[in-house]
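Numbering starts at 1 and runs along the sequence shown.
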Amino acid sequence: MSVMAQAAQPAYDYDLKNAVSSNRLAGLWTMATGYHWRYLAATASLAVGASAKTATYLLLRHFVDNVLGKEGALLALILIALAFLGLAVVEGSFTFMSGRLAAYTAEGVAKRLRNYMYDHIQRLTFSYHDRMQTGELIQRSTSDVDAVRRFFADQALGIGRIVLLFVINFVVISRLSMRLALLSVIVIPVVVVTSYIFFKRISRAYEKYQDQEATLSTVLQENLSGVRVVKAFARQAYERDKFEKENAEKYKRGRNLMMSHAFFWPVSDILCGAQMLFGYMMGALMAISGEISVGTYLAYAGLLVWIIFPMRNLGRLIVQASTGMVSYRRVIDVISQDREPLDEGICPHGPVKGDIDFRFVAFGYDPTQPVLNNINLSVAAGQSVALLGSTGSGKTTLVNLLPRFYEYTDGSIKLDGVELSDYSRVYLRSQIGIVEQEPFLFAKSIKENIRLGVDRPVTDEEVITAAKAAAIHDTIMTFPDGYETLVGEKGVTLSGGQKQRVAIARTLLKNPRILILDDSTSSVDTETEAEIRAALDRLMEGRTTFIIAHRVQSLMNADQIVVLDSGKIIQHGDHETLLAQEGLYRQIYDLQARVEEELQQELAVTA
């Protein structure tokens with residue numbers, strides 16, 4: 001399957017953008033599309049189970065009033081015992097079925113949501129990732145997804161169960177005695193209102209808690225990613241203090257959340273306990289006065305429990321459901337973001353030639369602060385173009401416009417005479433190979449990392465050829481496992497130069513028509529750099545190549561050299577032309593030449 005086909009193929013069975021809604025309950029219900037009938041069946045099973053529970057108390061009433069104490073009632077006793085057993089089996093079976101169907105729905109929704117989030121996050125724009133913290137995205141893809149799962153597995157079904165129990169048992173009690181039924185629900189409105197108030201309060205507290213947990217995750221993720229830097233600068237104490245500060249804030253918010261929960265339970269227990277005591281007392285008085293039978297009173301006592309305590313738990317579930325509602329909003333905030341339209345635009349069948357023309361190009365991450373301004377540059381197919389300039393001058397930003405990581409805000413960029421924005425992003429990226437300034441390697445074998453850049457079967461010979469071209473083959477063969485060597489997370493088991501060369505091999509195997517080397521020789525020694533340059537000079541023949549470097553020696557053989565300063569081209573030409581001019585290029589060249597000369601002298605003295 002081609003790269004374009006892979007990019008266009010959805011990795012999910014339902015577009016969760018349809019679940020974006022200002023009404024959170026409606027959004028959650030839409031999110032369960034495809035599982036509605038199973039969830040309704042789970043609810044119906046609950047209704048049968050609840051009815052069986054109620055029927056148990058009605059059977060108890062019949063037993064006390066009509067069987068207990070009667071002579072010759074052995075057969076009736078056996079039948080009633082079997083009826084109790086049968087009702088217990090029905091209740092247990094349908095409760096199990098309800099839980100099973102709810103679990104199927106909850107896990108299915110969670111699986112779909114996780115898959116969608118993973119695919120969706122990869123397709124969001126670079127500008128979104130620039131402003132969104134990694135820890136925040138991880139939090140929303142894991143903890144918040146699990147909160148949504150719990151909503152379907154426990155909370156929503158639990159609320160449905162409580163409502164069914166209340167309705168069924170209230171109707172039955174009203175048939176026994178309307179007066180008792182009305183006296184049994186005096187505090188229910190108070191419990192519901194109290195639950196709603198706590199629902200609002202705990203929703204806000206939980207949202208703050210989740211936000212702080214995401215912040216703490218970001219701090220932890222950054223610390224683990226930069227553990228070498230922390231150790232190198234002996235900043236463990238500083239990082240510890242930073243973490244403890246954020247952790248203390250999480251503790252504070254968690255304490256406030258738990259205090260809200262802790263305050264709710266005594267209030268609901270007092271209200272529900274008072275209601276039960278009042279109900280038992282009124283029922284007993286009515287039984288003593290002969291208004292109701294003893295059997296009716298016993299049935300009422302059991303039914304009252306299944307009215308009051310479920311309503312008490314309703315408050316708990318409503319409060320807990322607020323966490324699912326908050327997590328739904330946090331997940332939907334990500335899902336509602338527009339994706340990069342990867343496959344919109346033209347997709348020629350063949351490769352590009354590589355003629356690139358910049359005309360009055362401007363770009364800014366913030367529209368009010370341009371990073372590039374008035375860029376004019378023509379590059380013929382197969383030419384190499386070197387970009388030189390100080391940090392922040394716009395070198396990397398300029399080449400990031402080519403694969404449409406960002407869209408230029410003004411001017412025109414044409415590739416083979418066609419406006420760059422007319423090409424689909426997936427096609428452009430299939431034609432462009434990039435070696436980043438800080439190459440990323442996955443925790444896989446060296447062979448798998450080199451193969452990563454292509455979407456076709458790759459032979460070991462092709463991998464070895466690319467590795468040799470990147471001057472990394474001999475190094476790989478010194479490892480005990482050779483190309484099967486695991487590089488560790490982010491390639492930590494390799495040196496900086498080795499990671500650079502593996503990344504170069506990965507790009508060479510892709511065989512792109514346009515190559516971008518973003519300071520890709522910064523972590524290698526002079527000898528290795530010369531080997532890489534020699535290999536690139538041979539293998540990049542006929543390919544348009546952009547080279548970003550800080551050392552003049554790395555780019556002096558380029559067909560064109562572009563010197564950038566503050567987002568503008570201040571010098572343009574080949575090495576000899578620019579060296580003959582007064583300007584930044586010659587200043588950098590002279591400075592670097594002087595440093596190297598002094599270094600050689602020091603080495604000679606040392607020797």
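Around atom CZ of Arg131, more than 12 heavy atoms belonging to other residues, nucleotides or ligands sit under 6.0 Å away. Counting heavy-atom neighbours within 6.0 Å of Lys245 NZ, excluding the residue itself, gives a total of 12 or less. Other residues, nucleotides and ligands contribute over 12 non-hydrogen atoms within 6.0 Å of the NZ atom of Lys17. Within a 6.0 Å radius of CZ in Phe243, more than 12 heavy atoms belonging to other residues, nucleotides or ligands are found.
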> Should Asp343 and Ser424 be marked as a side chain to side chain donor-acceptor pair (under 3.5 Å) after you check the CA-CA gap, both sets of side-chain angles, and the distance that decides it?
Replying inline: CA-CA 5 Å; Asp343 52 0; Ser424 72; over 6 Å; no
>> Apply side chain to side chain donor-acceptor pair (under 3.5 Å) to residues Thr368 and Asp366 and explain how you reach the verdict.
In response: CA-CA 5 Å; Thr368 62; Asp366 182 346; 3.0 Å; yes
>> Could you go through Lys208 and Asp211, starting from their C-alpha distance and side-chain angles, then the distance that decides it, and tell me whether this counts as salt bridge (charged side-chain N to carboxylate O under 4.0 Å, His left out)?
In response: CA-CA 5 Å; Lys208 291 179 180 179; Asp211 288 343; over 6 Å; no
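For the pair Lys250 and Glu246, the salt-bridge criterion is not met [side-chain N within less than 4.0 Å of a carboxylate O]. Looking at Glu448 and Arg451, no side-chain N of the basic residue comes within less than 4.0 Å of a carboxylate O on the acidic one, giving no salt bridge. Salt bridge Arg339/Asp119: present, at least one basic N to carboxylate O contact under 4.0 Å.
Residues Gly324 and Val148 approach most closely at O-CG2, 4.3 Å, considering heavy atoms. Trp29 approaches His36 most closely through the heavy-atom pair O-NE2, 2.6 Å.
Here the side chains of Tyr118 and Arg114 are not in contact, with every heavy-atom distance at 4.5 Å or above. Contact annotation: the side chain of Met31 never approaches that of Arg112 to less than 4.5 Å [non-hydrogen atoms, C-beta and beyond].
In this structure, the side chain of Ser430 engages the main chain of Tyr427 through a donor-acceptor pair within 3.5 Å.
When Val145, Asp333, Ile332 are each tested for a side chain to side chain contact (heavy atoms under 4.5 Å, CB included) with Arg140, only one passes: Asp333.
By the 6.0 Å and 45° rule, Arg330 does not stack over the aromatic ring of Tyr209.
Among pairs with a residue in residues 74-86, none fulfils side-chain hydrogen bond (donor to acceptor under 3.5 Å, both in side chains), at least two apart in sequence or across chains.
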Distance-only donor-acceptor pairs under 3.5 Å for side chains of residues 96-103, two or more places apart:
from: Ser98; atom 1: OG; to: Ala42; atom 2: O; distance (Å): 2.9

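Centroid-to-centroid, the aromatic rings of Tyr39 and Tyr35 stay 6.0 Å apart or farther.
Judged as a salt bridge (Lys or Arg N to Asp or Glu O under 4.0 Å), and not counting sequence neighbours, Glu344 has no contacts.
Using a 30° and 60° split on the angle between ring planes, Phe442 and Phe440 fall in the perpendicular class, above 60°.
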